[in-house]
Number of protein chains: 2
Amino acid sequence: MNDLQEGFTCSECIEKCSLFKALTKDELEEVYEHRYDTTFRSGEVIAKQGSPISHIVSLSTGLAKLVLETPGKPDILLTVVKPTTLITSPGMFLDNRYHFSIVSIKETKACFISMTIIRQLFERNHEFAKRFHRSIGERSIMLYNRFRNIIHKNMAGRIADSILFLHKEIYGELNFKIDLNRSELAEYSNMTKESVSRILKELKDEGIFDLTSDHATILNLDRLEQIAKNG
Amino acid sequence: MNDLQEGFTCSECIEKCSLFKALTKDELEEVYEHRYDTTFRSGEVIAKQGSPISHIVSLSTGLAKLVLETPGKPDILLTVVKPTTLITSPGMFLDNRYHFSIVSIKETKACFISMTIIRQLFERNHEFAKRFHRSIGERSIMLYNRFRNIIHKNMAGRIADSILFLHKEIYGELNFKIDLNRSELAEYSNMTKESVSRILKELKDEGIFDLTSDHATILNLDRLEQIAKNG
DNA sequence: AGCCTTGTATGATATATATCACATATACGA
DNA sequence: TCGTATATGTGATATATATCATACAAGGCT
């Protein structure tokens with residue numbers, strides 16, 4: 001791949017990702033020089049919980065899930081990230097390790113930028129540092145809400161939450177091809193895959209939401225939001 | 001209160017709080033000038049979720065809980081903080097609002113430092129900024145573990161977790177006067193106060209942990225840790 | 001085309017935990 | 001000292017959700 005092409009793919013990320021927008025032309029040059037692309041198939045681990053953060057991951061295309069792993073226990077799916085996102089992590093300025101795994105959930109291109117460069121940019125570019133920390137804060141606040149949802153809501157409410165999250169934050173349409181299977185929906189909603197099936201059936205029977213194989217359709221957004229608030 | 005006395009109370013905080021240690025003498029002077037103390041009785045709100053972060057709170061004496069509030073739902077007790085801690089918050093560089101409430105759980109002296117000063121220190125003192133962000137990251141990682149504990153463990157495991165947290169992080173002794181009532185233990189462990197009573201009775205019957213009124217005694221640390229890992 | 005694996009659905013049952021009702025203790029003010 | 005409020009304990013029952021067993025469907029491979 002020549003420089004021009006690289007410039008092209010990166011320019012997309014720069015446009016969509018507020019973190020990159022804080023960088024000067026020279027700084028971006030430097031990032032170009034210390035980055036590399038890799039393409040992952042669905043289900044492949046992009047970064048493993050516990051491993052050192054040698055490079056920071058930026059999603060170029062595809063989708064990835066952030067999961068909390070615990071030996072002998074089911075995974076906890078924290079969130080789904082879409083392009084173009086620089087995946088910040090709270091361990092970056094502590095133990096320099098990943099505290100969750102990043103796993104692709106469809107064909108995904110990830111860009112790896114050397115952490116050394118990121119640290120240098122941190123020292124030099126105050127605005128970049130600020131946005132970086134803001135991003136970590138955002139994920140923290142997101143987590144507070146995940147906590148609330150999982151603790152306070154019943155199964156239907158939690159599934160409604162998942163669907164609304166995917167609709168609003170990821171796919172943006174009432175109709176979408178879902179990239180999470182039933183088990184992953186379960187891991188996001190803190191329930192079993194069997195219960196996911198049952199709740200999905202209820203939602204379909206009531207004409208609120210239809211998930212047939214991987215084709216999702218929100219039939220009644222108002223009721224879905226009501227169920228998410230619920231009861 | 002004269003300058004000498006103020007200097008004395010503050011010097012304690014400076015010794016115990018890594019955040020303050022990053023400041024120069026001049027910077028500390030400036031903090032002194034833009035701070036004020038208030039004493040809170042047990043149960044009083046030190047900072048309210050949703051309100052603007054005009055001042056950053058540093059606990060001087062006493063204990064406080066950080067709680068997630070949700071209208072019409074029970075509170076979620078995120079953690080307990082002890083002196084001397086500068087209570088950082090993920091909203092500080094986002095919407096500048098508290099995303100949890102800070103509530104005293106015993107007679108507590110809190111020191112309020114103007115956020116304007118904190119922001120200035122941020123620009124000038126890189127090390128201070130670094131430690132600040134580290135602290136936010138630490139709370140984030142703590143939250144991941146809270147997530148795991150609440151999702152993966154049964155009631156006994158969750159109560160054992162609470163006790164071990166209080167023992168290791170807060171009181172440091174096998175014997176301690178607990179400042180959380182049964183409801184607060186329930187809010188920390190995601191269960192009802194009735195269930196807390198029942199589990200505490202079991203732990204007492206098995207000679208593992210005794211909580212009589214507010215006097216807590218860990219009788220068998222090994223078994224308690226085993227229950228926390230559990231099963 | 002048939003076979004095997006993997007994902008999904010669904011019913012019967014088990015189980016953890018909440019809820020409700022009440023009892024007891026402890027603190028607190030008149 | 002009493003009476004009232006508040007925190008805690010305990011039992012009986014209800015309920016949400018998991019588990020287990022099995023069936024069905026859809027792809028991929030030979």
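Proteins come first, then strands; the chains are lettered A, B, ... in the order of their sequence lines, and each starts at number 1. Because only heavy atoms are used, hydrogens play no part in the values below, and waters and symmetry mates are left out as well, while side chains stay in.
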Got a sec, which residues hit salt bridge (charged side-chain N to carboxylate O under 4.0 Å, His left out) with A:Glu69, two or more places apart in sequence or on another chain? A:Lys48

Under 3.5 Å donor-acceptor pairs involving side-chain atoms of residues 52-62 of chain A, not counting sequence neighbours:
residue: A:Thr61; atom: OG1; partner: A:Lys109; partner atom: N; Å: 3.2

Kindly say whether B:Leu203 contributes a backbone atom to a donor-acceptor pair with the side chain of B:Glu206 at under 3.5 angstrom? no

Would the distance check show the side chain of A:Arg41 and the main-chain N or O of A:Glu107 forming a donor-acceptor pair, the cut-off being under 3.5 Å? no

side-chain contact (heavy atoms from CB on, under 4.5 Å) with B:Ile105: of B:Leu77, B:Val81, B:Ile178, B:Leu63, only one passes, and it is B:Leu63

For nucleotides 6-23 of chain C, read 5' to 3', which letter fits each nucleotide if B means a protein heavy atom sits under 4.0 Å from the base, S means only the sugar-phosphate is that close, and - means neither? --SBBBB----SSBB---

Considering the terminal five base pairs at each end of the helix from C:dA1-D:dT30 to C:dA30-D:dT1, what angle separates the two local helix axes, rounded to 10°? 30°

Residues at least two apart in sequence or cross-chain that pass salt bridge (charged side-chain N to carboxylate O under 4.0 Å, His left out) with B:Asp205, listed by chain then number, are B:Lys201

Give every residue pair that meets the side chain to side chain donor-acceptor pair (under 3.5 Å) criterion with at least one member in residues 181-194 of chain B, sequence neighbours excluded. B:Lys65-B:Glu184, B:Ser162-B:Ser189, B:Thr192-B:Ser195

Do the side chains of A:Asp37 and A:Arg35 get close enough for a salt bridge, i.e. N-O under 4.0 angstrom? yes

In whole Å, I'd like the distance from the CG atom of B:Asp205 to the C1' atom of D:dG9. 12 Å

